[in-house]
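As the structure is a prediction and not an experimental result, all values here were calculated from the model.
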Amino acid sequence: MEVLASSSLSPIFTKHNTTNPNFSIQVKLFVSQPSKILKASSFRYPQTPRRSNAKPGLVFVCNRCFCLLDRNDLRKFSGKIMMKASVSFRKNVSVALVRLVSVLLVSSISVVTTADSPSWGLSEENLLFLEAWRTIDRAYIDKTFNGQSWFRYRESALRNEPMNNREETYMAIKKMIATLDDPFTRFLEPGKFQSLRSGTQGAVTGVGLSIGYPAASDGSPSGLVVISAAPGGPANRAGVSPGDFILGIDNTTTETLTIYDAAQMLQGPEGSTVELAIRSGPETRLLSLTRERVSVNPVKSRLCELPGSGSYSPKIGYIKLTTFNQNASGAVKEAIETLRGNNVNAFVLDLRDNSGGSFPEGIEIAKFWLDKGVIVYICDSRGVRDIYDTDGSNAIATSEPLAVLVNKGTASASEILAGALKDNKRALVYGEPTYGKGKIQSVFQLSDGSGLAVTVARYETPAHTDIDKVGVTPDHPLPKSFPKDEEAFCGCLKDPTAACYLNQGLLFSR
C-alpha cells in the first residue's frame with residue numbers, strides 16, 4: 001500500500017505586516033493501490049547515505065519537486081508534521097521546518113508580503129460577476145467555451161477588469177459573454193429582463209415586430225430581418241412584412257446592434273413614437289410608428305364549411321397560432337375542443353410568422369396531436385442529452401387529418417412543433433422552408449434582478465434533423481397568394497376560380 005500526501009503552502013496576507021508573514025500548511029492523505037511503486041534507489045536524500053534496504057514510505061509533492069521518505073525518516077519527522085494544521089512562521093524559522101524543507105529538496109520558496117499586497121476578499125461586485133460566470137459555466141452548451149479556458153478567464157477578469165460599481169460589473173459580464181461569440185447568449189439588465197418576462201406573459205408595449213439575424217448570403221443587406229409582424233399591430237398596419245430588413249432605428253444603424261438591443265429600442269412607453277428605416281426588396285422606406293400595447297392573443301380559430309355532395313358538407317377547423325406565450329397551450333386546447341364539438345373532419349394549424357417563444361408550450365401543444373412518439377431530441381456537445389416524447393395521455397386530436405402551414409417567419413418553438421408533426425407522419429407541411437433557429441436558450445435571473453439568456457442546447461427533430469440555419473422543409477408549397485388571415489382562408493378552399501384555391505382533398509392527401 002502506498003500513502004500519497006500533497007502539501008500546499010498558501011500565504012495569508014495581512015495589512016501592513018511585512019515582517020511577520022503567516023503560512024498555512026495542509027497535508028492531505030490519499031490511499032491508493034498502484035501496481036508498482038518506484039524504487040527508493042531512484043531517489044537521493046540530502047546528507048543521507050543511500051539505504052539498500054529502504055522501503056517506500058511517504059511521497060511529498062511541493063510545487064515542482066518531490067521526494068520519497070522511508071519509514072525511518074517518517075519516524076523522525078512524525079512529530080513535526082501536523083495534518084491540516086496551521087503553523088505560524090515568525091522571524092526565526094523553526095529548526096523543524098528547516099529539516100522538512102531540506103528533505104523536500106525545495107530549491108526556493110519566495111513569498112511577496114509588501115504593505116501594498118492586494119486583499120483576497122471579494123467585493124459585492126465581484127460576487128455578482130462570479131454568479132454570472134458560474135451560471136454560464138453550468139448551463140452553456142459548448143463546454144470548450146469557444147476554445148478558451150473558462151476558469152482562466154475568470155481569474156484574469158477578477159484581476160484585471162474594473163468592478164468598482166454596478167455599471168463596470170455589467171460591462172465585465174458583457175465582455176465575458178462576448179468571448180463566446182454566440183449572439184443568442186446575452187446579458188439582460190434588470191429592465192430588459194423584466195421586458196423579456198412580460199413578452200412571454202401575454203402583452204408588450206411596442207410596434208409588434210419579431211426580429212432576427214439575416215441569413216448569411218451574398219447581396220443581403222446588413223442589419224436585422226423581420227421574422228413576423230403581429231397581426232393588427234403598428235408595424236403590420238404600416239405594411240411591414242416578414243423578410244423586410246430593418247436598417248435603422250431612431251437614426252441608429254442596426255449593423256452593430258444585437259437583436260436584443262434592437263428589441264429594447266423598439267419597445268417604449270405607450271403613445272411614444274419610433275422611427276424605422278425599412279428595406280422591402282429594392283425599396284427603402286422611413287416609417288414613424290406609434291408604440292401601443294400589443295396584446296398577444298396567441299390563437300385565432302375558424303370553422304370552414306365547404307361545399308359537398310348531397311347532405312354531406314366537409315368541415316375544416318382552422319387554428320392560427322401566433323406565438324408560444326404562457327397562454328398558448330391552453331388556448332390551442334380550447335380551440336381544438338370547440339372545433340371538435342362542431343364535428344370537424346380535419347384541421348389546419350397555421351404557424352406562419354410564428355417566431356416561437358416558450359419551449360415547454362410547444363411541447364405541450366405537440367402532445368395534443370400525437371398518440372405516441374418522440375417530439376424532439378435535446379442535444380449538447382456530447383450528443384443527445386434528453387428526449388421529449390409522448391405516450392398519448394394528453395392527446396385530444398389524433399385521428400383527424402392535419403395540415404400545418406409554415407413560412408420563413410416560422411421559427412424556434414414553431415419549428416419544433418412542425419418538425420415533430422411532420423417526422424411522426426401526423427401532418428403534411430405546406431409553405432416554404434422555415435427560419436432555422438435550432439438553438440434553445442434558458443433565462444436565468446441573477447441576484448440583483450438582472451438576468452442571463454444562455455444557449456443551453458440544440459435540438460433535432462424526431463428524424464434527427466438538425467434544422468439550425470436550414471429550417472424545416474415543407475412537403476408541398478402553398479399558392480403565393482394564399483392568405484394569412486382566418487377570414488380569407490375559407491374562401492381559398494371554397495372557390496376553385498380563386499388564385500389562392502387549394503383543393504381540400506389534396507390538402508390532406510399524401
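In this structure, the side chains of H464 and V384 come closer than 4.5 Å at one or more pairs of heavy atoms. At least one side-chain heavy atom of F187 sits under 4.5 Å from a side-chain heavy atom of L446. You'll find the side chain of V470 stays beyond 4.5 Å of the side chain of T465, heavy atoms only.
Atom CG of L339 sits about 12.0 Å away from atom OH of Y318, to the nearest 0.5 Å.
Under the 30°/60° scheme for interplanar angles, the aromatic rings of F482 and F489 are found to stand perpendicular.
Aromatic ring centres of F368 and F347: separated by at least 6.0 Å.
In this structure, the side chain of T410 engages the main chain of L351 through a donor-acceptor pair within 3.5 Å. Between the side chain of R458 and the backbone N or O of K439 there is no donor-acceptor pair closer than 3.5 Å.
Note that R154 lies in the cation-pi zone of W133, set by a 6.0 Å cut-off to the ring centre and a 45° limit from the axis.
N424 and A420 make their closest contact through ND2-O, 2.8 Å (heavy atoms, listed as atom of the first residue, atom of the second, distance).
A salt bridge links E400 with R340; the closest basic N to acidic carboxylate O contact falls under 4.0 Å.
When each of I378, I440, I141 is checked for a side-chain contact (heavy atoms from CB on, under 4.5 Å) with V456, only I440 meets the rule.
No side-chain N or O of T323 forms a donor-acceptor pair with one of N325 less than 3.5 Å apart. Using modelled atom types and a 3.5 Å distance limit, the side chains of T455 and Q441 yield a donor-acceptor pair.
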